[in-house]
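Residue numbers begin at 1 in each chain, while the letters A, B, ... track the order of the sequences.
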Protein chains: 2
Amino acid sequence: MKRFVEVEQFLKARGIRLTGERQLIVRRAVSYLHFTAEELVKDVRTIDPTVARGTVYRTLGLLHRTGVVEKHDFRYGPPNYEVTFAKAHHDHLMCIQCGEIIEFQEPRVEHIQEQVVKRYGYQLLSHTHKLYGLCQKCRHVNPKRASKAPMLHVEEIVA
Amino acid sequence: MKRFVEVEQFLKARGIRLTGERQLIVRRAVSYLHFTAEELVKDVRTIDPTVARGTVYRTLGLLHRTGVVEKHDFRYGPPNYEVTFAKAHHDHLMCIQCGEIIEFQEPRVEHIQEQVVKRYGYQLLSHTHKLYGLCQKCRHVNPKRASKAPMLHVEEIVA
DNA sequence: AATCTAGTTGAGACTTAGTCTCAAGAAAGA
DNA sequence: TCTTTCTTGAGACTAAGTCTCAACTAGATT
């Protein structure tokens, strides 16, 4: 079954009104792996220019609140969204040069996290774990000009 | 030795001009554990209202590029800065109710990260690892009203 | 100490990303 | 079909941050 149909059924089952605008927005959103709010606005308005910016933001907020999309703050740049509906939990590895994003799973880290929160008497609700580096290609390319990304912290650089 | 003196020496050694504005900004910044750019602007301008907003932002950028401060995108709200100069690497655990931030160290996770990046042929440059949850106190408090934070993702909630 | 000059500053316009308001329009139940 | 409630488009508004430029100043040079 198409991914957007599942999402639409999920929304309907929660008593959320399925308007034409929302359907369009959901269908465009699932076509991306990752996207920014403004990218989605542009994309949707390319197909139907009558859809207001506000509607895209509102729908994105709705999808976020209902757990259909996840919001990622990759460094440098506006937040990034991902339709995680019916998708296994994963974390991200990003190339700071070309922007490639790789999704990885690491149950061992999840396990250690549990130990950490227990240590401080916390109840774990969620987490983010992002790795930044250079992919094989970019490592061998001499950047033509300085990237816009700020210099890395001395302490952050892993030997 | 006072923390800000060390930072000032570090900047000087790198040939960075030490103006009165920069000294004030550094001194206020090191007095916080975590702060937002706007908080720092307000704080600095309380002491010297002639310092421009832009100067605080520029100096913060300078401190960031030189690795004196680190920028954290805790979810919900503007980014958070931390003077990490001469401070051991650590990650963060945050209470989403009261905002408490705990710094923790987990060499085991750092080690697993190395394995992950090797798996994909990447060179690791930096990472962020943030845990969100409820502290002991907040877990037992019935929130008076819904928090502004978006609902958690089903997949994000750890059993 | 006076001079020089590249780097820094204040002021404020500008940008980007996102929120809010409200009248008009559309979905779903009665 | 009517009614109620929710959603929408339009655009004003806000928050956070960036940029420009003439005036100023730290620190090097004399």
Side-chain angles (χ1 to χ4, degrees), chain A residues 8-9 11-26 28-29 34-66 69 71-81 146-150, chain B residues 8-26 28-29 34-66 69 71-81 146 148-150:
Chain A
E8 285 170 9
Q9 286 181 350
L11 294 176
K12 205 151 202 177
R14 303 202 28 159
I16 289 164
R17 217 179 263 182
L18 222 52
T19 65
E21 289 85 352
R22 287 182 179 170
Q23 286 183 31
L24 173 58
I25 292 163
V26 167
R28 295 314 303 149
H34 292 266
F35 58 92
T36 65
E38 289 298 324
E39 271 166 17
L40 185 59
V41 168
K42 241 186 224 164
D43 182 335
V44 164
R45 288 176 59 88
T46 299
I47 296 170
D48 181 353
T50 71
V51 175
R53 243 165 66 83
T55 300
V56 176
Y57 272 93
R58 275 187 298 241
T59 303
L60 205 43
L62 174 75
L63 295 173
H64 189 208
R65 283 194 306 280
T66 53
V69 316
K71 187 180 175 184
H72 300 299
D73 280 303
F74 288 113
R75 295 201 277 223
Y76 327 133
N80 210 292
Y81 293 86
S147 136
K148 280 198 69 179
Chain B
E8 286 169 9
Q9 285 181 351
F10 170 80
L11 294 175
K12 205 150 202 176
R14 302 203 27 161
I16 289 164
R17 212 179 266 182
L18 221 54
T19 64
E21 289 86 351
R22 288 182 177 170
Q23 287 183 30
L24 173 58
I25 291 164
V26 167
R28 295 315 303 148
H34 292 266
F35 58 93
T36 65
E38 288 300 322
E39 271 167 17
L40 185 59
V41 168
K42 240 186 227 166
D43 182 336
V44 164
R45 289 177 58 87
T46 299
I47 295 171
D48 181 354
T50 71
V51 176
R53 243 165 65 85
T55 299
V56 176
Y57 273 92
R58 275 186 298 241
T59 303
L60 206 43
L62 174 74
L63 295 173
H64 189 208
R65 284 194 306 280
T66 53
V69 316
K71 187 178 175 185
H72 300 299
D73 279 303
F74 288 113
R75 296 203 275 226
Y76 327 134
N80 211 290
Y81 293 86
K148 280 197 69 179

Chemist: Rounded at 0.5 Å granularity, tell me how far CZ in A:Phe35 sits from CG in A:Asp43.
Modeler: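 Rounded to the nearest 0.5 Å, the CZ-CG separation comes to 9.5 Å.
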Chemist: Give a yes/no on whether any side-chain N or O of A:Arg58 is located under 4.0 angstrom from OP1 or OP2 of C:dG18.
Modeler: no
Chemist: Of the nucleotides D:dG9, C:dG18, D:dG17, which one has an atom closest to the side chain of A:Arg53?
Modeler: C:dG18
Chemist: Provide, to the nearest angstrom, the distance between the CZ atom belonging to A:Arg22 and the C1' atom belonging to C:dA28.
Modeler: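 Distance, rounded to whole Å: 13 Å.
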Chemist: For A:Leu60 and C:dC20, what is the distance between atoms CG and P respectively, to the nearest whole Å?
Modeler: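 Rounded to whole Å, this separation is 15 Å.
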Chemist: Whole angstrom is fine here: how far is it from CG in A:Leu11 over to P in C:dA28?
Modeler: 13 Å
Chemist: Classify the ring geometry between A:His72 and A:His34 as parallel (under 30°), tilted (30 to 60°) or perpendicular (over 60°).
Modeler: tilted
Chemist: Between B:Arg53 (side chain only) and B:Val41 (backbone N and O only), is there a donor and an acceptor less than 3.5 Å apart?
Modeler: no
Chemist: Assess whether side-chain contact (heavy atoms from CB on, under 4.5 Å) is satisfied between A:Ile25 and A:Thr55, documenting all intermediate values.
Modeler: CA-CA 9 Å; A:Ile25 292 163; A:Thr55 300; 4.1 Å; yes
Chemist: Here's a test of your reading of the structure: between B:Gly54 and B:Leu18, which maps to the more 5' nucleotide of DNA chain D?
Modeler: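 By nearest-heavy-atom nucleotide position, the 5'-most residue is B:Gly54.
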Chemist: Here's a test of your reading of the structure: between B:Lys12 and A:Thr50, which maps to the more 5' nucleotide of DNA chain D?
Modeler: A:Thr50
Chemist: Would you indicate, yes or no, if D:dG9 has its OP1 or OP2 atom less than 4.0 angstrom from a side-chain nitrogen or oxygen of A:Thr55?
Modeler: yes
Chemist: Can you measure B:Asp48 atom CG to C:dT8 atom P for me and round it to whole angstrom units?
Modeler: 18 Å
Chemist: May I ask you to verify if any side-chain N or O of B:Tyr57 is less than 4.0 angstrom from the OP1 or OP2 atom of D:dG17?
Modeler: yes
Chemist: Could you check which of D:dC6, C:dT8, D:dT8 has an atom nearest any side-chain atom of A:Arg17?
Modeler: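 Ranking D:dC6, C:dT8, D:dT8 by closest atom to the A:Arg17 side chain puts D:dC6 first.
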Chemist: Please tell me if A:Thr19 has a side-chain N or O lying less than 4.0 Å from either OP1 or OP2 of D:dT8.
Modeler: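 Looking at the OP1 and OP2 atoms of D:dT8, one of them is under 4.0 Å from a side-chain N or O of A:Thr19.
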